[in-house]
Amino acid sequence: LRDLVIANIFAAQIDENGTAFVKINYTVEKFRDYKVGKFIFEKENKYLSEKGVKKIAYEQVSNKNHERFLKIMGFEKSVLNGRECYIKVLVN
């Protein structure tokens with residue numbers, strides 16, 4: 001929530017190695033100012049770590065705006081399980 005309004009939906013599947021593969025991360029257009037991303041990936045990364053998440057991965061990024069967002073949030077293009085994706089290693 002942001003300003004008491006739903007701002008974002010985020011869901012991921014965590015594998016046995018602690019990689020959270022993002023299934024959906026959608027932010028309502030009026031809240032696309034990077035604050036939601038900073039909240040999820042930086043401010044609340046302790047919560048993710050407590051759930052066993054060591055890194056976050058996005059597969060099949062085809063939208064240039066989303067790719068730009070991921071780069072700003074500190075994700076790097078890499079290969080994981082033979083597939084190109086964007087990965088961010090969580091730091092506690």
Inset, instruction - Please report the shortest heavy-atom distance between L80 and A57, naming the atom on each side. - result: CD2-CB, 4.2 Å

Inset, instruction - To the nearest 0.5 Å, tell me how far E42 CD sits from L90 CG. - result: 10.5 Å

Legend entry - Cluster companions of I9 among Ile, Leu, Val, Met, Phe, Trp, Tyr (side-chain spacing under 4.5 Å): I24, Y26

Legend entry - Check: K71 and K77 side chains under 4.5 Å, non-hydrogen atoms: no

Inset, instruction - Apply side chain to side chain donor-acceptor pair (under 3.5 Å) to T27 and list each qualifying residue two or more places apart in sequence or on a separate chain. - result: N8

Inset, instruction - Could I get the full list of side-chain contact (heavy atoms from CB on, under 4.5 Å) partners for E76, not counting sequence neighbours? - result: none

Inset, instruction - Kindly state each residue pair satisfying salt bridge (charged side-chain N to carboxylate O under 4.0 Å, His left out) with at least one member in residues 50-61, sequence neighbours excluded. - result: E59-R83

Legend entry - Common cluster, I14/I87, ILVMFWY with side-chain heavy-atom separation under 4.5 Å: no

Inset, instruction - Please list, chain by chain and in numerical order, all residues satisfying side-chain contact (heavy atoms from CB on, under 4.5 Å) with D3, sequence neighbours excluded. - result: F31

Legend entry - Pairwise distance CE(M73) to CZ(F41) - rounded to 0.5 angstrom: 8.0 Å

Inset, instruction - Quick one: pull up CD1 in I56 and CG in L48 and give me the separation to the nearest 0.5 Å. - result: 5.0 Å

Inset, instruction - Share the residues that join L1 in a hydrophobic cluster, the rule being Ile, Leu, Val, Met, Phe, Trp or Tyr side chains under 4.5 Å apart at the heavy-atom level. - result: I6

Inset, instruction - Applying ring pair (Phe, Tyr, Trp, His ring centres under 6.0 Å), name anything that partners Y86, two or more places apart in sequence or on another chain. - result: none

Legend entry - Pairwise salt bridge (charged side-chain N to carboxylate O under 4.0 Å, His left out) hits with a residue in residues 15-38, at least two apart: R2-D33

Inset, instruction - Identify, with sequence neighbours excluded, every residue that meets side-chain contact (heavy atoms from CB on, under 4.5 Å) alongside I72. - result: Y34, R68

Legend entry - Contacts of type side-chain contact (heavy atoms from CB on, under 4.5 Å), residue N63, not counting sequence neighbours: N65, H66

Legend entry - F21 ring center within less than 6.0 Å of Y58 ring center: no

